[in-house]
Amino acid sequence: MLLIECPWCGARDEAEFTYGGEAHVVRPENPEAVSDSEWADYLFYRKNPRGDHLEQWCHSSGCRRWFNAQRDTVTYEIKRVYQVGSPPPGGEG
Amino acid sequence: MKYSLFSLIRNGLSHHERWPRAWRSPELKGSYDVVIVGGGGHGLATAYYLAKEHAVTSVAVLEKGYVGGGNTGRNTEIVRSNYLWDDAARLYEFSLKLWQDLSRELNFNLMYSKRGLLSLGHSLQEMRDIARRVNANRLNGIDSELLSAEEVREMVPILNTSPGARYPVLGASLQRRGGTARHDAVAWGLARAADGLGVDVVQQCEVTGFRRENGRVVGVDTTKGYVAAKRVGVVTAGSSGVLASMAGFRLPIESHPLQAWVSEPVKPTLDAVVMSNAVHAYVSQTDRGELLAGAGIDSYNGYGQRGSFSVPEHAISSLVELFPIFSRLRMMRQWAGIVDTCPDACPIIGATPVDGLYFNCGWGTGGYKATPGSGWVFAYTLATGRPHRLNAPFSLDRFRTGRLIDEHGAAGVAH
């Protein structure tokens, strides 16, 4: 069971949260201008790393706000949480 | 050595101390025609059918841990083929037909038990979806029946079918050929049969990289040294993304923990597999008497081979509502496998952006039932360099063309 630090409510049980998948996935500005491969990349292709993962969580049973987290996908340790819209830690993306 | 009643008696006379090893522990050679990465059921089945159907016997199966130690030994053993869409139905039905004779063919008892598989409907809409799926199955020549609540009650009397139940049972679909097969036996039987045909099954051999020349894969680096290969097939389930990134491309796949658990053993009480899509739980009873149950994936990406407590808590509370008789059972073991979920809940079997490198992945939560069929079509692909008509629709390219095979929910989800 994960203990997740909501930036607004503090540490709460994982069951209160909804997982939102990889963070910093940017929708192409002009979808009609990109190739099928680029569109597929945006829709379906994800990094799925073994190790640090930048991901979105929503405190759906609490304050209902979205935020980002950096979590290790092997140890499940959440290394930091940060606000949606702020740049990814370490310039990753 | 052929397993038979006579071999059992003969070895019984020597107190079962002289059984030969079921398969060799060969040294890794310098080169093979085909190297298969991943010694789970799908990888071993691929090697077995390469040797048996295509006479390709210069094959190595490289396994990071031990044979059957990954998802093959971490599932709920369910075998069925009642998928909605034609492409998926054909592939899973082909696989189900291979299960029929596989024990005899491998000379290894896989304990395939056609005990019948029920998918419960708890709402009118769910019953409509179930009726649609049953009809689609029958049009594809797959046995499938629509049961009324009364018929479900007769088949599974311990199910709570009272009108006031938290999850009222309005009916179910039934696939009589569906059931279970012993997962460890599948890994061992396939490893032994492949080994008997000359395949090298090399355990504790982790792949650390792919070597390429002019864009074509020429071999793999492993913890036991470099091995050259004309073709490489990767069948590594939850680790597929890691292997793909070694080869320099990405996959439309995310890895999640999928949990299952068994209770203490009890007397025979449940002789069918019962699944409920609405509460996302499924249960059967093993030959040892344990209730074997599973649920949906943990929501987050993970490689940790363990899951969060909230998933079993939810599934078990639902199962106890469905089966009040289970309420005082204690759970003995819990485990998780790392499954490779695909956006359309269907596998990717075939070519990759790297010449000579083929992937068989994306089976997500439901790969076990497809073990023989998956190996059969992947062996065909590795032997000929092109997909068989059964796996042609399951190309990586479908995510670019948009020709997805959306089995999310269509197959009753719970695997």
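We name chains A, B, ... by the order of the sequence lines, and we start the count at 1 in each one. Given the structure is predicted, the values throughout are model-derived calculations rather than measurements.
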May I ask you to decide if A:Glu16's main-chain N or O and A:Asp13's side chain share a donor-acceptor pair within less than 3.5 Å?
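Not at all, since once roles are kept as given, no pair shorter than 3.5 Å links the two residues.
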
Among pairs that include at least one residue of residues 337-357 of chain B, which meet ring-ring contact (aromatic ring centres under 6.0 Å, His included), considering only residues two or more places apart or in two chains?
none

Applying the salt bridge (Lys or Arg N to Asp or Glu O under 4.0 Å) criterion to B:Arg403, which one of B:Asp397, B:Asp87, B:Asp344 satisfies it?
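Output: one option passes, namely B:Asp87.
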
So which part of B:Ser245 gets closer than 4.5 Å to some heavy atom of chain A, the side chain, the backbone, both or neither?
neither

Under 4.5 Å from any heavy atom of chain A, what part of B:Leu404 do you find: side chain, backbone, both or neither?
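For B:Leu404, side-chain heavy atoms alone lie under 4.5 Å from chain A.
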
Note: vs chain B, highest number of non-hydrogen pairs under 4.5 angstrom among A:Gly20, A:Ser37, A:Gly51, A:Gly21 is A:Ser37

Do the ring planes of B:Tyr300 and A:Trp57 sit parallel (below 30°), tilted (30 to 60°) or perpendicular (above 60°)?
tilted

In terms of heavy-atom pairs under 4.5 Å with chain A, which of B:Cys342, B:Ser240, B:Ser310, B:Ala244 leads?
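Sorted descending by pairs with chain A, the first entry is B:Ser310.
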
